[in-house]
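Data first, discussion second: the structure below is written as structure tokens.
Naming convention: chains lettered A, B, ... in sequence-line order (proteins, then strands); numbering from 1 in each chain.
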Amino acid sequence: MKNEELADIFNEIADLMEIQGEQPFRIASYRKVARILEELTEDVETLLADGRLAKIPGIGKGSLERIEEYLKTGKISTHQELVKKVPKGLLKLTKVPGLGPKTIALLWKEMDITDIGQLRKAINSGMIEKLPGMGAKKVEKISKGIDFVIRSSGRIPLGIALPIAEELITQIKKIAGVKKAEIAGSLRRRAETIGDIDILTEASDGQKVLEKFTKFRQVREVLASGSTKASVRIQDNIQVDVRVIPAESFGAAWQYFTGSKAHNVRLRKIAIEKKLKLNEYGLFENEKQIAGANEEEIYHKLSLPYIPPELREDRGEIENADKLPTLIDRKDIKGDLHMHTTASDGHNSPEEMIRACIERGYEYMCITDHSKSSAIAGGLDETRLRKHIAAVRKLAEKYKNEIAVLIGSEVDILADGQLDYDDGLLAELDFVIASVHSALSQPADKITKRVLKVMENPYVRLIGHPTGRLLAQREASAIDVAKIIKQAKDTDTWLELNSSWQRLDLKDVHLRLAKQEGVKICICTDAHSIDQLDYIQYGIYTARRGWLEKEDVINTLSRKKFMELVKQRKR
DNA sequence: GCCGTTTTCGGCCCGACTGTTTTCAGTCG
């Protein structure tokens, strides 16, 4: 799929145009198209071929031509021309916080600075302070920005950021005078990765609260601290912004700082159509505030229902406001069907895992250790698996009044598309997950066919972590998810939403596509220890971002219904 | 660049903060 490549080029065009000082609205158009391309769940080539691409709002005639040009020639002439005019190193400069397109253009035109190295030199020599609009403080800010870009590893996974933010909230709430402290930003939307942590507070003496906050033990560097806002950096270069908001505006500010930007733009447009004005202080009719203390009020005054943060991405939540899904909740999950034990590479015994699942209130669970080819993960050969089956069945009997314990396996899909055990052995298991763990870099058609084939196997119930991505570590495989979804429907195979925060696989837009196609999702943790069973929360958040309801998720079924289903053969 | 029965031209979301300035530009969210 060329979707990502195209999105990158459109973003790059926008960056280059900004440096060139092009019209902001043209630039915004390119960024919008880039975002659309990123979020497509189908191959852009297919969508172009059958005319659906042209129907997507935001993609006009010009973008369509450019996309077509890229698919035909591998290049976009608009992009090539810009690249010729603007030195390549300048693109990296756009990543420096505090350095915007205007300043980059100034540095380039006045001092011939075209990359970070030259900028650093110019700062050290004191030369750039002589430029118009440049002072000691601005230079210092840029200098720190360069340090940040060089050290920074990019975006922070949800599973790292959320516990840190929750701890900060606990500490902030202990400061005298703090009435409220809430997470905002992409973290509140439970995006899979986040840029920084945004926290809003309501307090009697804002300045004092912010001063105390900047002295927290976690704080490594204070970037700014005023009467309404403080910015700091904590471990791993994570930036935390805390704002103090008056009570009458708290809802408006929470809405505003939760975003997404695209969602907020839509809301403000609706406000304008109603002759109102929406900003972070409230919703205003002329000069009079008509909503602001809470979020619900704002949505209602805009003739919208309350929209859950996970949906606020401008992915149809405004157009479909009258038929928003009743999003799945953690309490809907009745069992976890993917976990490892000491039999392969897990840290806890089967019995420990069973007790932990009982503690979590589950009605059923499945133990799924690795198959023989996953040698590094201690995969079980046929003999060891048969012993393991017997051992787990014994435990299942022991705990049957508290929980239904199934014995399954996470069976490798080998590079040639064969499964790691023969059908005879698969038939002895209650539940089979098939997963790709090797040859992840196969070309799209090969890796797709490999998975399509095993889905025809009557014992394969679930495809584990279908794209194989590891957030911030490994790209998704080239697998064609749309085809996998279609095959899942045709073969009555379920697809996993792997809840490990390193995976979150399938991701939100894929889940939404699966839902539209009527394919059932299984939200599992792939836990390798008792603690990791709680990763289920990240799966739930991602499911909500994918618009999933209880009915779309197989492991929301009661024990009775689930057991009946799993006893039947597929199809 | 995109869009549209109020428009095929003329709009396109909004405000704070910072640092540099003497009234505002640049950056950010």
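Straight-line distance between the C1' atoms of B:dG15 and B:dG10: roughly 24 Å, to the nearest whole Å. Nucleotides B:dT21 and B:dT27 place their P atoms 15 Å apart, quoted to the nearest Å. With both ends at atom C1', the span from B:dT23 to B:dT18 equals 15 Å, rounded to whole Å. Rounded to a whole angstrom, the distance from the P atom of B:dC9 to that of B:dC14 is 25 Å. Remark: the separation of the C1' atoms in B:dT7 and B:dC3 is 10 Å, to the nearest Å. Spacing of P atoms, B:dT22 relative to B:dC28, comes out at 23 Å, to the nearest Å. Comparing the same atom, C1', in B:dC13 and in B:dC2 gives a spacing of 16 Å after rounding to whole Å.
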Check against side chain to side chain contact (heavy atoms under 4.5 Å, CB included), A:Lys75 and A:Ile9 | CA-CA 9 Å; A:Lys75 286 175 190 165; A:Ile9 292 179; over 6 Å; no
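B:dG1 atom C1' lies 16 Å from atom CD of A:Glu69, rounded to whole Å. Rounding to whole angstrom units, CD1 of residue A:Ile142 and P of B:dG26 are separated by 13 Å. Note: CG (A:Leu223) to C1' (B:dG19) measures 16 Å, nearest angstrom. A straight line from NZ of A:Lys95 to P of B:dC28 spans 12 Å, rounded to a whole angstrom. The separation between A:Ile56 atom CD1 and B:dG1 atom C1' is 16 Å, rounded to whole Å. Here the C1' atom of nucleotide B:dG26 and the CD atom of A:Glu110 are 16 Å apart, to the nearest Å. The nearest whole Å value for the distance from the CG atom in A:Leu99 to the C1' atom in B:dA25 is 15 Å. Distance, A:Gln20 CD to B:dG1 P: 14 Å, rounded to whole Å.
A:Glu42 pairs with exactly one of A:Arg52, A:Arg512, A:Lys486 by the salt bridge (charged side-chain N to carboxylate O under 4.0 Å, His left out) rule, that one being A:Arg52.
Shown here are the salt bridge (Lys or Arg N to Asp or Glu O under 4.0 Å) partners of A:Lys137, two or more places apart in sequence or in another chain: there are none. Annotation: side-chain hydrogen bond (donor to acceptor under 3.5 Å, both in side chains) contacts of A:Asp15 (sequence neighbours excluded): A:Arg31.
Both A:Pro97 and A:Gly133 sit near DNA chain B, but only A:Gly133 has its closest nucleotide nearer the 5' end. Comparing A:Arg66 and A:Lys138 by the nucleotide of DNA chain B that holds the closest heavy atom to each, the one mapping nearer the 5' end is A:Arg66.
A salt bridge links A:Arg312 to A:Glu295: one of the charged nitrogens lies within less than 4.0 Å of a carboxylate oxygen. In summary, A:Glu549 and A:Lys515 engage in a salt bridge, as defined by a charged side-chain N under 4.0 Å from a carboxylate O. Under a 4.0 Å N-O distance rule, the pair A:Glu319/A:Arg266 qualifies as a salt bridge. A salt bridge links A:Arg120 with A:Asp147: the distance from a Lys NZ or Arg NE/NH1/NH2 to an Asp or Glu carboxylate oxygen falls below 4.0 Å. A salt bridge between A:Arg330 and A:Asp534 is present, with a side-chain N of the basic residue lying under 4.0 Å from a carboxylate O of the acidic one. Ion pairing between a basic and an acidic side chain is recognised when a charged N comes within 4.0 Å of a carboxylate O; A:Glu39 and A:Arg35 show such pairing. Electrostatic pairing of A:Lys507 and A:Glu192 does not count as a salt bridge here, judged by no charged N lying under 4.0 Å from a carboxylate O.
The 12-atom threshold is not exceeded at CG of A:Asn286, counting heavy atoms of other residues, nucleotides or ligands nearer than 6.0 Å.
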Collect all protein-nucleotide pairs involving nucleotides 5-8 of chain B in which both atoms are nitrogen or oxygen and the distance is under 3.5 Å.
none

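For the contact set between residues 27-46 of chain A and DNA chain B, defined by any heavy atom under 4.0 Å, the members are A:Ser29, A:Tyr30. A heavy-atom distance below 4.0 Å to DNA chain B is reached by these residues of residues 101-108 of chain A, ordered by number: A:Pro101, A:Lys102, A:Thr103.
Residue contacts for A:Pro132: at a heavy-atom cut-off of 4.0 Å it reaches no nucleic acid atom on any strand shown. Backbone-only engagement by A:Ala136 is indicated by non-hydrogen atom pairs under 4.0 Å involving sugar-phosphate atoms exclusively.
Neither side chain, A:Lys138 nor A:Thr103, offers a donor N or O lying under 3.5 Å from an acceptor on the other.
Pair assignment for B:dA25 gives B:dT18, based on Watson-Crick or G-U wobble hydrogen-bonding distances that are each under 3.5 Å.
Looking only at side-chain heavy atoms (C-beta outward), A:Thr467 and A:Ile479 come within less than 4.5 Å of each other. Here the side chains of A:Arg503 and A:Leu470 are in contact, with some heavy-atom distance below 4.5 Å.
Annotated as syn: B:dT7, whose glycosidic dihedral is within 90° of 0.
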Sugar-phosphate or base contact per nucleotide [nucleotides 11-18 of chain B; S, B, -; heavy atom under 4.0 Å] | -BBBSSS-
